[in-house]
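Fair warning: this is a prediction, and the values are worked out from it, not measured in the lab. We count residues from 1, following the sequence as given.
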Amino acid sequence: MNIDFNSASRLKLIVWTLLVLGCLVFLSSIFTRGITLDDAYFAEQSYWFEKNGYVRSELFRGVLNWEERSFVYHKLHVWQGALLIKMVGWSPYLFKSLPILYLVFFIFLARLYFNGFITKDRTVYYFFLFLLFVHTFISQYGFEFRPEIMIMTVGFASFFGIRAGLIHNRLSFIFLAGIMAGAAALFHLNGLIFIIAGMGLLVFNKAYRPLLFFIIASALIFSLYFLELIPGENLSQYLYQFRNDPAINKDRLDSFGWLIKVVTAPKRHFSHVYEASFTILFLFALILNWKEITKNIELKQVLIYLLCLELTLSLISPGSKTMYLTYYIPYMLIVISSTLYLTLSRDGFRKTFFFLLFLFAVTHIGHTYRLSSKMKHDMPDTHAVIVEKYGINRSHSILAPENFIFNEIHNAKIQGFTSVMLSSGVHVFSTLENILDFADHNNKDYVIIENDMLAKIGNHRPRTGMVYSEYQLVGIEEGLYVFRAISN
């Protein structure tokens with residue numbers, strides 16, 4: 001396509017403006033983010049690993065013996081969290097900031113990849129970054145202590161290593177790619193898709209010797225997953241916890257169940273309007289430019305790799321959780337951004353492209369801020385006030401929201417409400433009296449309940465000093481109701 005200098009300059013200016021908008025969306029979302037259940041869940045696992053050398057959970061006491069020891073966890077994710085605690089300390093915002101480091105590394109890798117294999121045109125790369133920063137999963141998981149951004153980054157590093165190794169005939173790059181794929185699996189078992197996709201891409205390219213190097217490297221790294229399972233009793237406990245894990249035990253694992261998983265997997269791309277808008281934008285760019293894409297060696301490799309990821313994830317991922325779509329983001333964005341000039345050159349489809357791009361931006365930005373508006377902020381300060389004001393100490397066992405471990409994990413034995421639901425059923429949450437009866441039966445010294453939970457169970461606002469079951473409401477701090485056992 002021929003573009004005169006003036007139109008290219010205008011496009012560059014527009015893309016620059018969009019990139020600034022995307023950066024502002026991402027950065028502003030950080031300042032409106034609160035502490036999530038997953039922040040607490042993974043941080044607690046990291047705390048116990050750093051303290052004891054193995055993972056356990058007080059938060060999820062009563063679930064699959066996790067209070068004694070947990071063998072099913074995201075290994076590398078928890079290990080790096082433990083390292084962070086040892087080196088820096090304990091803070092929710094330290095944990096939440098960790099994915100940002102990976103995101104910076106991903107942006108650096110993406111720049112190298114575009115320069116080496118796609119185009120040196122910065123407009124295309126900046127358009128890629130705009131789409132990246134606006135994507136709601138990047139905003140959400142880019143500041144949450146979950147492994148999605150880490151897996152996306154090391155998975156892309158593996159793909160990049162394979163392509164660089166094949167093009168430059170460097171087995172060392174292939175070996176590094178295998179290490180990165182193994183690391184993805186060590187972060188989360190879903191990361192196995194990057195080992196399988198890497199093998200599939202090498203087979204597609206008939207690169208059998210590099211394939212052997214890739215398998216050896218990925219197997220060496222992934223083998224670390226099984227280190228603590230070597231004693232027979234550990235393995236049996238692992239299998240028990242794995243089969244009954246709340247995240248996967250709803251999956252049907254017979255042959256018909258696997259077929260259903262594969263057939264229904266694509267629906268995760270359309271589960272919500274923001275996921276659908278991104279998928280439609282990708283499909284539009286793909287179909288509109290199919291002829292040119294299939295003639296482009298690199299984009300063909302991207303599509304083969306993406307297809308391998310999709311097929312493998314549909315088989316091994318638990319349920320149809322949409323957060324796993326984060327793994328696909330780099331490859332879908334490469335297709336959309338690298339065909340930018342082609343798409344704009346098609347006069348009859350330009351307005352459609354602009355509309356889909358607008359729809360993508362609005363739905364993703366909207367979801368990002370809707371998500372942020374539901375979160376509470378500065379809760380650690382309130383937690384500290386409660387502990388000091390009501391005399392909570394390390395000898396006390398309390399039932400509280402999971403985020404109460406920030407920063408009170410050192411000051412009490414804290415069980416979270418989610419564990420109660422998993423171990424005893426949702427009926428425990430039907431009334432305030434049921435919650436307090438559960439707490440009394442399990443010898444809790446304090447129960448701390450959020451105002452939102454009271455609203456959900458339809459309870460009237462309790463008044464300070466009133467007695468419910470075996471507990472007295474001794475105070476209310478920033479929407480947290482503090483009940484103390486009368487016997488305490």
Side-chain angles (χ1 to χ4, degrees), residues 34-49 51-52 54-74 77-78 81 92 95 144-146 237-238 240-250 318-319 321 376 379 383 386-387 392 394-454 456-457 469-471 480-483 485:
I35 302 167
T36 68
L37 169 62
D38 285 334
D39 288 328
Y41 175 66
F42 291 116
E44 194 216 11
Q45 289 185 333
S46 300
Y47 170 83
W48 290 114
F49 187 85
K51 186 179 179 68
N52 298 333
Y54 60 86
V55 171
R56 59 182 293 268
S57 177
E58 280 292 333
L59 275 181
F60 284 80
R61 174 171 285 275
V63 180
L64 301 176
N65 299 321
W66 287 351
E67 67 273 19
E68 298 295 332
R69 185 167 179 178
S70 176
F71 291 95
V72 180
Y73 63 95
H74 303 331
H77 185 54
V78 170
F95 294 113
E144 184 171 6
F145 190 47
R146 283 195 57 86
Q237 185 69 6
Y238 168 83
Y240 162 73
Q241 292 181 347
F242 185 84
R243 293 190 187 108
N244 295 282
D245 192 292
I248 62 175
N249 66 2
K250 294 181 181 180
K321 295 178 180 177
K376 294 181 173 63
M379 295 307 294
H383 300 161
I386 290 173
V387 167
I392 298 174
R394 296 180 68 178
S395 67
H396 290 140
S397 177
I398 71 175
L399 183 63
E402 285 77 9
N403 63 21
F404 200 79
I405 68 169
F406 300 112
N407 289 314
E408 308 310 321
I409 194 169
H410 311 284
N411 297 322
K413 289 175 282 189
I414 305 165
Q415 181 178 2
F417 284 104
T418 303
S419 70
V420 178
M421 182 184 68
L422 293 175
S423 62
S424 302
V426 294
H427 67 277
V428 175
F429 295 96
S430 58
T431 66
L432 174 61
E433 286 72 18
N434 280 0
I435 294 174
L436 296 176
D437 285 343
F438 173 90
D440 181 49
H441 181 72
N442 288 273
N443 302 312
K444 300 300 179 186
D445 299 296
Y446 290 83
V447 179
I448 300 169
I449 304 178
E450 291 178 321
N451 181 52
D452 291 347
M453 177 178 287
L454 290 175
K456 286 180 181 178
I457 62 178
S469 297
E470 299 298 319
Y471 291 83
L480 292 176
Y481 289 71
V482 183
F483 294 85

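Between Tyr47 and His410, the ring-plane angle classifies as perpendicular under the 30° and 60° cut-offs. Under the 30°/60° scheme for interplanar angles, the aromatic rings of His77 and Phe42 are found to stand perpendicular. Using bins of under 30°, 30° to 60° and over 60° for the plane-to-plane angle, the ring pair Phe60/Tyr41 lands in the perpendicular bin.
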List the steps, then state whether side chain to side chain contact (heavy atoms under 4.5 Å, CB included) holds for Trp48 with Val55. CA-CA 5 Å; Trp48 290 114; Val55 171; 5.7 Å; no

Give the intermediate values and the outcome of side chain to side chain contact (heavy atoms under 4.5 Å, CB included) for residues Glu58 and Ile409. CA-CA 10 Å; Glu58 280 292 333; Ile409 194 169; over 6 Å; no

For side chain to side chain contact (heavy atoms under 4.5 Å, CB included), just list the numbers for Asp38 and Phe145, CA-CA rounded to whole Å, side-chain angles, deciding distance to a tenth of an Å, and then say yes or no. CA-CA 7 Å; Asp38 285 334; Phe145 190 47; over 6 Å; no

Intermediate values then yes/no, side chain to side chain contact (heavy atoms under 4.5 Å, CB included), Lys444 and Lys413: CA-CA 9 Å; Lys444 300 300 179 186; Lys413 289 175 282 189; over 6 Å; no

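Leu59 contributes atom CG, which lies 6.0 Å from atom CD of Glu402 (distance to the nearest 0.5 angstrom). The structure places CZ of Phe483 at 10.5 Å from CD1 of Ile448, a figure rounded to the nearest 0.5 Å. Note that CD1 of Ile398 is 8.0 Å distant from CD of Glu408, once rounded to the nearest 0.5 Å. The OH atom of Tyr471 sits 5.0 Å away from the CG atom of Asp440 when rounded to the nearest 0.5 Å. Rounding to the nearest 0.5 Å places CD1 of Ile414 at 12.0 Å from OG of Ser419. Annotation: the span from Phe417 atom CZ to Phe404 atom CZ amounts to 11.0 Å, rounded to 0.5 Å.
Scanning all heavy atoms of the two residues, the minimum distance from Ile392 to Ile386 falls at CD1-CG2, 4.0 Å. Heavy atoms only, all atoms of each residue included: Asn403 and His383 are closest at O-CE1, 3.1 Å. What you find for Val63 and Glu67 is that their closest heavy atoms are N-OE1, 4.1 Å. In plain terms, the two heavy atoms of Ser423 and Gly62 that are nearest each other are CB-O, 3.5 Å. Between Gly416 and Leu399, the shortest heavy-atom contact is O-CD1, 4.0 Å. Gln241 and Leu64 get closest at one heavy-atom pair: NE2-O, 3.0 Å.
Using a 4.5 Å heavy-atom cutoff, the side chains of Ile435 and Met453 are in contact. Here the side chains of Asn52 and Arg69 are not in contact, with every heavy-atom distance at 4.5 Å or above. Between Leu37 and Pro401, every side-chain heavy-atom pair lies at or beyond the 4.5 Å cut-off.
In this structure a side-chain-to-backbone donor-acceptor pair under 3.5 Å is missing from Asp39 to Glu144. Side-chain atoms of Asp437 do not come within 3.5 Å of backbone N or O of Asn434 as any donor-acceptor pair.
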